[in-house]
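Quick caveat: nothing in here was measured; it's all calculated off a predicted structure.
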Amino acid sequence: MEDGLFESRAARIGEIEALGYKAFGKRFDFTHTIPDILLDFSAKAAEELVPETRVRIAGRIQTVRRMGKAAFMHLQQNGGRLQLYVKKDAVPERDYALFNLLDIGDIIGADGYLFRTRTGELSLHVEALEFLSKTLLAMPEKFHGLEDVETRYRQRYLDLISNPEVRDVFVTRAKVISSVRRQLEERGFIEVETPMMQPVYGGAAARPFVTHHNTLDIDLYLRIAPELYLKRLIVGGLERVYEINRNFRNEGVSTRHNPEFTMVEFYQAYTDYKGLMDLTETMLRTIAIDATGSAIVKYGDVDLDFGNIRRMTMREAVIEFWDGEGAPSTEQIRNPEWLQTASGKACAGEALAHLFEIHAEKKLIQPTIIYEFPVEVSPLANNNADDPTMVDRFEIIIAGMEIGNAYTELNNPIEQRKRFDGQLDMRAKGDDEAHQMDEDYLRAMAYGMPPTGGEGLGIDRIVMLMTNNQSIRDVILFPLLRPEGEIGMASRLRRLSDR
RNA sequence: GGGCGCGUAGCUCAACUGGCAGAGCAACUGACUCUUAAUCAGUAGGUUGUAGGUUCGAUUCCUACCGCGCUCACCA
């Protein structure tokens with residue numbers, strides 16, 4: 001079958017090697033990265049580049065403009081791009097022959113000196129070329145880049161090559177994670193790793209992925225949360241622990257949900273949910289500053305203000321944001337019968353949580369802490385001292401999304417056993433996301449758990465906010481997609497070898 | 001899972017009411033020693049996602065399927 005561009009590029013492998021270069025090259029020790037050069041020399045005028053500033057650089061060819069016996073091209077590396085000027089009588093004959101074989105997308109090295117062109121662009125006057133790696137496939141169009149969303153997710157490498165802003169998203173993601181880690185470390189938290197494969201899953205309400213260990217012949221669940229293991233460590237005296245890692249939930253995919261997603265969970269002995277509110281406000285503000293340079297972050301058409309976080313109870317939020325007629329009074333919102341009638345839910349706690357979700361959550365755009373949650377939807381949180389139907393828990397909601405969830409941990413094993421039994425009842429009634437009984441967790445608690453506050457923050461969603469992305473897939477390098485059909489790459493490459 | 005939308009050259013996009021499938025970039029040949037979405041002249045490149053159907057004739061209309069997006073449900 002005809003495969004013109006692919007075969008003509010493959011043929012150049014032989015031509016490049018005939019000149020004495022390696023088509024899939026070797027180690028190349030550069031003196032500067034391209035971003036270094038841009039940083040160090042962008043501000044310097046043409047005359048300041050003399051005496052000659054000699055550099056040795058490497059990168060991928062992004063554009064080529066050939067003009068007879070001279071040419072300009074742009075080389076990109078680490079998100080920076082530098083123009084190269086190649087003149088026939090300034091490079092060895094062999095290197096000029098190589099230059100004539102170069103394709104957009106090839107990876108090369110270059111030696112030369114920095115100068116400014118007539119139009120003032122900082123450029124490298126090339127004196128020697130080295131070949132480092134051949135591209136066989138055509139790059140996306142230079143002006144629009146790669147737009148097709150499916151291809152961008154499936155071939156993220158190509159997305160990263162042709163869309164520089166995508167690289168910036170993942171650089172910001174790294175800054176967010178680094179900020180979280182640094183802030184927790186500064187406060188004496190230690191990073192731990194707990195099982196991703198768990199014989200009993202818990203710590204959240206979700207359906208799990210199931211896998212199987214052959215030798216032990218047991219089913220294991222990919223964790224839906226690390227919570228119960230982290231609290232075992234609190235029992236063990238690791239009084240400030242955190243873990244940044246993936247959770248897996250076997251549920252719907254949407255612009256806010258990926259089956260595997262990244263959470264930071266942290267637990268601090270001797271504090272409570274109020275202490276965590278203060279910590280959360282500081283952490284989120286600092287993340288925003290570390291990631292974007294400001295506590296005010298543009299998201300869609302709003303400016304999110306991480307410097308000023310409102311706090312309100314779930315009941316207050318339902319009343320304030322009630323849609324249409326019939327907003328409850330402060331008495332009605334505490335009345336189980338009213339709640340059940342208004343929501344159609346069987347128990348008062350689920351009813352309140354449901355009303356909150358349908359009336360209030362989407363409208364909470366500015367960072368808001370919602371506290372006092374119903375006990376029925378919070379099997380691991382400690383009771384509120386004044387209201388037995390409520391627990392000391394809060395969520396942080398931003399742009400209508402749940403970003404974090406925290407509570408004073410339930411540390412009474414007698415109460416915890418009752419809560420587990422309540423969850424088992426819900427499971428028996430068909431709620432397959434109700435919490436499982438975890439006897440070893442009860443046993444740990446029976447040894448005595450200090451009063452503790454614990455919290456989880458959704459890293460992916462925070463990155464969405466910091467990078468102004470509306471879809472979680474744009475902040476996950478390789479979001480889950482159905483496997484694609486036949487690609488045919490192996491057979492194309494096989495035909496090259498068979499010739 | 002439901003609803004709506006999309007799928008055309010390697011990439012970005014056209015193609016009126018059903019009437020010969022086109023352009024730019026990339027590629028190839030040629031000109032050009034400061035260009036930058038380089039320019040100029042020319043060439044080649046298509047199973048219109050897949051399989052059926054309607055029709056003299058289908059990229060266009062219909063059905064099913066595949067993939068993706070948005071949205072609702074679901075997801076504390």
Side-chain angles (χ1 to χ4, degrees), chain A residues 1-9 11-12 62-74 81-91 96 103-105 115-121 123 125 135-155 158 161-163 203-207 224-225 249-259 261 314 345 349-350 352-354 356-358 361 370 373-374 376-381 391 393-395 397 401-402 404-405 407 431-435 456 470-474 479 481-486:
Chain A
M1 219 173 70
E2 193 79 27
D3 201 347
L5 185 135
F6 189 73
E7 301 220 353
S8 74
R9 290 197 169 183
R12 288 194 173 154
Q62 198 176 27
T63 61
V64 181
R65 294 174 292 285
R66 297 175 191 271
M67 297 167 303
K69 298 182 181 65
F72 289 92
M73 51 187 171
H74 276 108
R81 51 179 254 168
L82 181 69
Q83 181 168 259
L84 271 56
Y85 180 50
V86 182
K87 199 159 61 155
K88 184 169 197 278
D89 48 25
V91 294
Y96 196 72
D103 288 305
I104 290 174
F115 75 111
R116 285 196 182 274
T117 62
R118 231 167 254 166
T119 55
E121 179 168 349
S123 303
H125 189 104
T135 177
L136 297 174
L137 297 171
M139 289 295 149
E141 200 223 20
K142 62 186 171 190
F143 189 59
H144 296 91
L146 179 65
E147 305 256 351
D148 183 77
V149 176
E150 183 177 351
T151 309
R152 289 187 43 229
Y153 295 156
R154 288 198 193 281
Q155 297 176 244
L158 197 57
I161 290 169
S162 56
N163 299 323
R207 281 171 295 171
I224 59 174
R249 298 188 186 175
N250 200 342
E251 283 164 357
V253 176
S254 81
T255 50
R256 295 184 180 79
H257 300 83
N258 196 63
F261 63 100
M314 182 178 276
K345 293 282 176 185
E350 287 181 293
L352 178 62
H354 181 69
F356 171 75
E357 280 161 33
I358 60 176
E361 191 169 29
I370 298 293
F373 274 60
E376 294 95 327
V377 298
S378 315
L380 303 165
V391 294
R393 169 179 171 185
F394 71 91
E395 285 188 356
I397 314 285
M401 292 190 289
E402 180 192 335
N405 177 27
Y407 35 84
D431 181 354
D432 56 2
E433 289 170 0
H435 212 283
Q470 308 293 322
S471 172
I472 199 167
R473 291 180 208 102
D474 289 320
L481 299 177
R482 287 184 191 277
E484 68 184 311
E486 185 64 38

Is any side-chain N of the basic residue among A:R207 and A:E433 closer than 4.0 Å to the acidic one's carboxylate O?
-> yes

From B:C34, B:C68, B:A37, pick the nucleotide closest to the side chain of A:F72?
-> B:C34

When you get a sec, tell me which of B:U35, B:U33, B:A27 is the closest nucleotide to the side chain of A:R9?
-> B:A27

Side-chain donor-acceptor contact under 3.5 Å, A:R473 with A:N258 | no

Base-pairing assignment for B:A23 (Watson-Crick or G-U wobble, both under 3.5 Å) | B:U12

Want to settle it: does A:A206 or A:A70 sit nearer the 5' end of RNA chain B, counting the closest nucleotide to each?
-> A:A70

What nucleotide, of B:C28, B:U35, B:G69, holds the atom closest to the side chain of A:E121?
-> B:U35

Please state whether the phosphate of B:C68, meaning OP1 or OP2, lies under 4.0 angstrom from any side-chain nitrogen or oxygen of A:R482.
-> yes

With both distances kept under 3.5 Å, what pairs with B:C61, Watson-Crick or G-U wobble?
-> B:G53

Between B:C68, B:U35, B:C28, which one does the side chain of A:D103 approach most closely?
-> B:C28

Inter-nucleotide P distance (B:U39, B:G57), Å rounded | 45 Å

Please determine, for the side chain of A:R473, which listed nucleotide (B:G67, B:C70, B:C34) has the closest atom?
-> B:C70

Could you tell me which nucleotide pairs with B:G1 by Watson-Crick or G-U wobble geometry, both distances under 3.5 Å, or answer none if nothing does?
-> B:C72

Nearest listed nucleotide, side chain of A:I104, among B:U35, B:A26, B:G67 = B:A26

Return the nucleotide paired to B:C40: Watson-Crick means purine N1 to pyrimidine N3 with N6-O4 or O6-N4, wobble means G-U with N1-O2 and O6-N3, both under 3.5 Å.
-> B:G30

Any side-chain N or O of A:T255 under 4.0 Å from OP1/OP2 of B:U71?
-> yes

Backbone N or O of A:I224 within a donor-acceptor pair of the A:R249 side chain at under 3.5 Å?
-> yes

Give the nucleotide from the list B:U33, B:C28, B:C70 with an atom nearest to the side chain of A:D89.
-> B:U33

Quick one: is B:U71 close enough that its OP1 or OP2 comes under 4.0 Å of any side-chain N or O from A:R256?
-> no

Output yes when at least one side-chain N/O atom of A:R118 is less than 4.0 Å from OP1 or OP2 of B:U35, else no.
-> no

d(CG, A:L136; P, B:A27) in whole Å = 15 Å

Measure the shortest side-chain to side-chain distance between A:E395 and A:M314 over non-hydrogen atoms and say whether it is less than 4.5 angstrom.
-> no

Lys/Arg-Asp/Glu bridge criterion (N-O < 4.0 Å) met for A:R152, A:D474 | yes

By nearest-nucleotide position on RNA chain B, the 5'-leaning member of A:G203 and A:Q470 is A:Q470

When you check the side-chain N and O atoms of A:H144 and A:E147, is any donor under 3.5 Å from an acceptor?
-> no

What one should report as the nearest heavy-atom pair of A:F115 and A:Y85 is CZ-CB, 3.7 Å

Whole-angstrom distance between B:G69 and B:A27, as gauged at atom P = 31 Å

Looking only at side-chain atoms of A:L5, point me to the closest of B:G67, B:A27, B:C34.
-> B:A27

Could you run down nucleotides 6-13 of chain B 5' to 3' and tag each one B, S or - for protein heavy-atom contact under 4.0 Å?
-> ----SBS-

